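One is the number of the first residue; the rest follow in order along the sequence. The structure displayed is predicted, hence computed values, not measured ones.
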Amino acid sequence: MKTSINGFTATKTWIWQEFAISYQSQGSAGPAVVMVHGFGASWWHWRQNIPVLAANCRVYAIDLIGFGGSAKPKPGEEIAYTLENWGQQVADFCREVVGGPAFLVGNSIGCIVAMQAAVSNPEIALGVALLNCSLRLLHDRKRASLPWSRRFGAPLLQRVLSIKPIGEFFFNQVAKPKTVRKILLQAYANSEAVTDELVDILTAPASDPGAVAVFLAFTSYSTGPLPEELLLVLPCPAIIIWGTADPWEPIDLGRELANYPQVQKFIPLEGVGHCPQDEAPELVNPILLDWIRERSQHEEN
């Protein structure tokens with residue numbers, strides 16, 4: 001996916017810590033916006049948002065290292081796949097490519113990355129928009145509250161997948177288009193949004209060298225920051241958007257994040273699943289544009 005498609009120019013490359021990072025950008029004026037995808041996705045997951053926001057903003061969407069078209073160096077040897085490292089990647093991207101602070105927009109685990117970038121590098125964040133933020137329910141410090149099957153089943157599965165032949169077999173099954181489509185039909189409440197294009201976007205990087213190792217490294221990652229810990233020290237305002245039909249990140253738990261003082265708005269999207277930016281861009285794009293305009297006017301005043 002390096003060539004022009006659907007109106008996008010060729011994917012751009014930025015070198016970070018000697019590794020090639022893929023990103024897309026559109027828009028020549030206005031505030032900067034950096035979009036951060038979730039686990040297993042890429043900048044393409046923002047393809048329905050970038051052109052709309054680019055009419056008023058300078059929009060960037062980045063592939064986190066290990067995902068999409070970005071490099072996939074060996075876990076533990078060349079790089080550690082942690083939320084802290086991804087957060088630093090986003091912060092460095094703001095400095096070196098964007099050229100200054102930006103509004104950070106994340107989906108799922110990308111929300112944690114965006115908040116981590118802002119917490120560790122306060123000067124680069126104008127605000128953070130969280131779309132169905134990962135609650136990190138399998139985190140070591142949260143497992144005690146889960147049902148017995150998930151509390152003990154997840155660590156067992158992690159240990160089994162750490163056995164290389166088993167892990168590789170599991171990844172190869174999961175990365176098949178048919179399996180990816182089934183997973184997406186769980187995550188998306190609107191089945192019509194699960195297109196062949198979307199399945200291709202998510203499966204294409206799976207054939208890259210190193211993709212299996214990155215996948216297994218992240219599935220065994222149960223430490224790092226929790227969303228509530230980051231919200232407690234977030235140096236900028238935030239809004240939260242949440243698809244009410246998300247089967248993975250329950251909205252009742254998501255609403256609890258709205259209690260933190262930096263959260264200005266909590267906006268539920270009825271009948272929308274885990275990836276509202278892709279499933280319901282007609283709802284998400286106006287919310288983001290209004291928020292960016294409000295915050296930009298506030299900054300000017």
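Looking only at distances, no side-chain donor or acceptor of N121 sits under 3.5 Å from a matching main-chain atom of G87. In terms of modelled atom types and a separation under 3.5 Å, the side chain of Q262 and the main chain of L234 share a donor-acceptor contact. The main-chain N or O of K176 is never found under 3.5 Å from a side-chain atom of T203 such that the two would form a donor-acceptor pair.
For the residue pair N107/Q277, the side-chain donor-acceptor check at 3.5 Å is satisfied. For the residue pair D92 and Q88, a side-chain donor N or O sits within less than 3.5 Å of a side-chain acceptor on the partner.
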Throw together a table of side-chain donor-acceptor distances under 3.5 angstrom for residues 50-64, partners on residues two or more places apart or in other chains.
| from | atom 1 | to | atom 2 | distance (Å) |
| --- | --- | --- | --- | --- |
| R58 | NE | G30 | O | 2.9 |
| D63 | OD1 | W43 | N | 2.5 |
| D63 | OD2 | G69 | N | 2.7 |

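Applying the side-chain contact (heavy atoms from CB on, under 4.5 Å) criterion to L232, with sequence neighbours excluded, gives Y260. For I109, the side-chain contact (heavy atoms from CB on, under 4.5 Å) partners at least two apart in sequence or on another chain are F39, L83, I112, S134, R136, F218. Taking the ring pair (Phe, Tyr, Trp, His ring centres under 6.0 Å) definition, one finds that H45 meets it with nothing, sequence neighbours left out. Every residue two or more places apart in sequence or in another chain was checked for a ring pair (Phe, Tyr, Trp, His ring centres under 6.0 Å) with F19, and none qualifies. Qualifying side-chain contact (heavy atoms from CB on, under 4.5 Å) partners for S120, counting only residues two or more places apart in sequence or in other chains: Q116. Partners of E123 by side chain to side chain donor-acceptor pair (under 3.5 Å), not counting sequence neighbours, listed by chain and number: R95. Residues that satisfy the side-chain contact (heavy atoms from CB on, under 4.5 Å) test with A187, not counting sequence neighbours, are W248, H274.
To the nearest 0.5 Å, atoms CG (L202) and CD1 (I183) are separated by 9.5 Å. A distance of 6.0 Å separates CG in L231 from CD1 in I240, rounded to the nearest 0.5 Å. With rounding to the nearest 0.5 Å, the separation of CD in E249 from SG in C111 is 9.0 Å. Atom-to-atom distance recorded for Q24:CD and W44:CH2 is 7.0 Å, nearest 0.5 angstrom. Here the CG atom belonging to L104 is positioned 5.0 Å from the CD1 atom belonging to I124, to the nearest 0.5 angstrom. Taking CG from L288 and CG from L131, the interatomic distance works out to 6.0 Å, rounded to the nearest 0.5 Å.
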- Message: For a side chain to side chain contact (heavy atoms under 4.5 Å, CB included) check, start with the C-alpha distance between V272 and N132, then their side-chain angles and the critical distance, and finish with the verdict.
- Response: CA-CA 10 Å; V272 177; N132 286 63; over 6 Å; no
- Message: Applying side chain to side chain contact (heavy atoms under 4.5 Å, CB included) to L135 and L257, what does each step give before you reach the verdict?
- Response: CA-CA 9 Å; L135 297 165; L257 300 180; 4.0 Å; yes
- Could you please spell out the steps behind the side chain to side chain contact (heavy atoms under 4.5 Å, CB included) verdict for R255 and I251? CA-CA 6 Å; R255 286 185 192 276; I251 189 169; 3.8 Å; yes
- Message: ring pair (Phe, Tyr, Trp, His ring centres under 6.0 Å) for W14 and F93? Distances and angles first, verdict last.
- Response: CA-CA 8 Å; W14 165 59; F93 181 80; 5.3 Å; yes
- Task: Kindly determine whether L283 and I241 satisfy side chain to side chain contact (heavy atoms under 4.5 Å, CB included), including the steps that lead there.
- Result: CA-CA 10 Å; L283 300 178; I241 302 169; over 6 Å; no
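Using a 4.5 Å heavy-atom cutoff, the side chains of I201 and E197 are in contact. Looking only at side-chain heavy atoms (C-beta outward), M115 and C133 come within less than 4.5 Å of each other. Contact annotation: the side chain of K182 never approaches that of T179 to less than 4.5 Å [non-hydrogen atoms, C-beta and beyond]. A 4.5 Å side-chain heavy-atom check between I65 and I21 finds at least one atom pair inside the cut-off.
Here the closest heavy-atom approach between residue Q17 and residue I79 is recorded as OE1-CD1, 4.5 Å. For C236 against G127, the heavy-atom pair with the smallest separation is SG-CA, 3.8 Å. Of all heavy-atom pairs between D278 and P281, the closest is O-CD, 3.4 Å. Closest approach of N49 and M35 over heavy atoms only: CB-CE, 3.8 Å. Of all heavy-atom pairs spanning G254 and F266, the tightest one is O-CE1, 3.4 Å. Here the shortest heavy-atom pairing between S42 and G68 reads CB-CA, 3.6 Å.
The only member of C94, P101, S296 that meets side-chain contact (heavy atoms from CB on, under 4.5 Å) when paired with L126 is P101.
Contacts classified as side-chain hydrogen bond (donor to acceptor under 3.5 Å, both in side chains) and involving residues 208-218 (residues at least two apart or in different chains) are given here: K72-D208. Applying the ring-ring contact (aromatic ring centres under 6.0 Å, His included) definition to pairs two or more places apart or across chains, those involving residues 275-296 are F103-W291. Legend: ring-ring contact (aromatic ring centres under 6.0 Å, His included) pairs involving residues 111-132, not counting sequence neighbours: none detected. Within the structure, salt bridge (charged side-chain N to carboxylate O under 4.0 Å, His left out) pairs that include any residue of residues 279-295 comprise K265-E294, D290-R293, R295-E299 (at least two apart or interchain).
The aromatic rings of W86 and Y81 lie tilted to each other, with the angle between the two planes from 30° to 60°.
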